[in-house]
Amino acid sequence: MAVEFNFLTKSINNASGSTLVLFASTTGKDKKLAVQLKGLTKDSLSVLSDLASDSPFKGNLNDSLFLRGTSAVQGFKNVALVGIGDLKKADHEIIRRASAVALKTLKAHGVTEATVAFESISLAGKDKDSKIAAIFDGFYLADYSSDLFKSKKEDKKLSVSALFGLASSAKSAQKIHKDSLALCESINFSRSLGDTPGNKMNPVKLAEAAKKAAEGTGLKVTVWDDARIKKEKMGCFHSVSLGGGVEPRLIIMEYKGGGSKKPICYVGKGLTFDSGGICIKPGAGMDEMKFDMCGGANVIGTMLAIAKLKLKVNVIGIVPASENMPGPMANKPGDIVTARNGKTVEVINTDAEGRLILSDALVYASEQEPQFIVDAATLTGAMVIALGDTHTGFFSRDDKLTQKIKKAASSAGELVWEMPMHEEHAKDMKGAYADLQNVTARKGAGSAHGAVFLAEFVDSKIPWAHFDIAGTAWNTGHRIPYNNAKGASGCMIRTFVELAKQHV
Ligand code: BES
Ligand code: ZN
Ligand code: ZN
């Protein structure tokens, strides 16, 4: 990562440096621009608001104003004003976004050394720590660049001094910073897995990458190969891999930080490329199917983050990894395959492969007798139609887990939406020749049909939720400033980590 933080305890009157970053709001008198920072002189404030009033910058979120060569604040050559909108409404997610805008503004102006006045954001109240964390998160998450495969990489470093007026605040911010870095590094790693195309990322490589990333974290990684997957009677999962040129892998990551507590299981769809198989997809947009392993990548990221944060929980991450290709041994429409729990499935559509690889992984997860299971999968195009790219839809029959998820997502600053799953949908998935069929002829509710299919493989006594991240796994434009316009988002890692934190 190119951003590096160090900590500085000084009043703004005594601080100096190249570029000063100040968060500015619209809550001043007459909705004028306001900068709240103890120690900032009246002169500075009036020069800043005069300069700003000559510009379109009004302190709104997503806006910034870079003042080069200004004498507005003594000791600094430049000042970057970064908008947070209405100060009263500036929760941690707004701050995360504003901080991302700060990083982008600094980068755009070629800044290599900056001082961020953390206290120019109101850091009062019980969510003080999450607001401080959000500033670090915004910088680190926005720093991820998709130049993995560009011959020329962005190699500039940015050294940031986190300025606090009080030594005690700077000290507690250091611990918060460490945790933010652990989380964001894990998210950025997941994003890099997602962004890697199918010729450079396959099940074998995904397993190797997970193993390598886990080194030194205390995570135990076990990888099952083709023969083991077959021997373990994971017939649905195995069948999907047959059309590809690369063997499947089952990646099992375990972290034990919670003594004798029951584990939490995270399961992720690791389809390294989904061509649709024999029911091949149309060419336009097919490149996006390199992202079909984002559920798996985000489970790997969740596991890395939990281990690095040393949370006092036991967690198991399970990622079935496969290609879905139309090779000569590929599943054919009408084929009947058998899952690890003995249920038989008629593969009506080979493009509904995610539910096949997840079915066996969910049976395996249930066998671990966890407190609960959550899975993440780019499962259905229907989810994109239903919720677009703002909310991740989740399905659960367990009210307690549903409440926990809503709380976790809100603490994480990620948008989720509870989706319905009903017996009527389950009826549609009954097979004519086998116990189940992997798709239904009935139109509509495609995501719910995917969810109820998965439910057939989860022990009904275990609370479980399915997250369909088809619309949120990768970015489709500049919606969130800490996400690139294009590329894997790392969505739900923050929510999944928050879920684990609820059980420490
Ligand atoms: N990976 C796709 C789902 C997908 C589509 C994710 C578009 C993101 C964007 C999945 O394997 C798939 O192809 N699902 C089919 C299911 C259908 C055949 C019932 C779909 O959604 O079209
Ligand atoms: Zn598919
Ligand atoms: Zn798929």
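In each ligand, atom 1 is the first atom listed, and ligand 1 is the first ligand listed.
Tested against Met234 for a side-chain contact (heavy atoms from CB on, under 4.5 Å), the candidates Thr338, Asp360, Ile357 yield a single pass: Asp360.
Not a single heavy atom of His449 lies less than 4.0 angstrom from ligand 1. For the pair Lys269 and ligand 1, a heavy-atom separation below 4.0 Å is found.
The shortest contact between atom 8 (C) of ligand 1 and any protein heavy atom is with Trp474 CH2, 3.4 Å. Gly381 N, 3.8 Å is the protein heavy atom nearest to atom 4 (C) of ligand 1. From the protein, the heavy atom lying nearest to atom 18 (C) of ligand 1 is Asn349 ND2, 3.5 Å. Nearest protein heavy-atom contact of atom 16 (C) of ligand 1 is Arg355 NH2, 4.0 Å. Atom 6 (C) of ligand 1 has Ala470 CB, 3.6 Å as its closest protein atom, hydrogens excluded (heavy atom only). Nearest to atom 19 (C) of ligand 1 among the protein's heavy atoms is Val439 CG1, 3.4 Å. Nearest to atom 10 (C) of ligand 1 among the protein's heavy atoms is Leu379 O, 3.3 Å. Summary of contacts: the protein heavy atom closest to atom 15 (C) of ligand 1 is Asp351 O, 4.1 Å.
Shortest distance from the Zn ion (ligand 2) to Glu353 is reached at OE1 (N/O/S atoms only). Within Asp274, the N, O or S atom lying nearest to the Zn ion (ligand 3) carries the name OD2.
Under 4.0 Å from ligand 1, not a single heavy atom of Met383 appears. When heavy-atom distances to ligand 1 are checked against a 4.0 Å cut-off, Met293 has no atom that comes that close, whether in backbone or side chain. With a 4.0 Å heavy-atom cut-off, ligand 1 is reached by the side chain of Met289 but not by its N, CA, C or O.
Remark: aromatic rings of Tyr144 and Tyr140 are distant, center separation not under 6.0 Å. Residues Phe139 and His177 keep their aromatic ring centres 6.0 Å or farther apart. Taking the six-membered ring for Trp and the full ring otherwise, Phe467 and Trp417 have centroids separated by 6.0 Å or more.
Side-chain N/O atoms of Lys404 and His503 include a donor and acceptor closer than 3.5 Å. Asp389 and Thr472 share no donor-acceptor pair across their side chains, judged by distance under 3.5 Å alone.
In terms of modelled atom types and a separation under 3.5 Å, the side chain of Ser190 and the main chain of Ala297 share a donor-acceptor contact.
The N/O atoms of Thr380, backbone and side chain alike, include none that comes under 3.5 Å of an N/O atom in ligand 1.
Within the listing of ligand 1, atoms 11 (O) sit less than 4.0 angstrom from a heavy atom of Glu353. For ligand 1 and Thr378, the ligand atoms under 4.0 Å from any heavy atom of the residue are 1 (N), 2 (C), 3 (C), 6 (C).
For the Zn ion (ligand 3), the set of nearby N, O or S atoms under 2.8 Å includes one belonging to Lys269. Not one N/O/S atom of Asp292, from backbone or side chain, sits under 2.8 Å from the Zn ion (ligand 2).
Counting non-hydrogen atoms of neighbouring residues, nucleotides and ligands closer than 6.0 angstrom, the NZ atom of Lys261 exceeds 12 such neighbours. Environment of CZ in Phe149: crowded, with over 12 heavy atoms of neighbouring residues, nucleotides or ligands closer than 6.0 Å. Counted within 6.0 Å of CE on Met286, heavy atoms from surrounding residues, nucleotides or ligands total more than 12; the atom is thus considered enclosed.
Taking 4.0 Å as the cut-off between side-chain N and carboxylate O, Lys461 and Glu369 do not count as a salt-bridged pair. Taking 4.0 Å as the cut-off between side-chain N and carboxylate O, Arg228 and Glu232 count as a salt-bridged pair.
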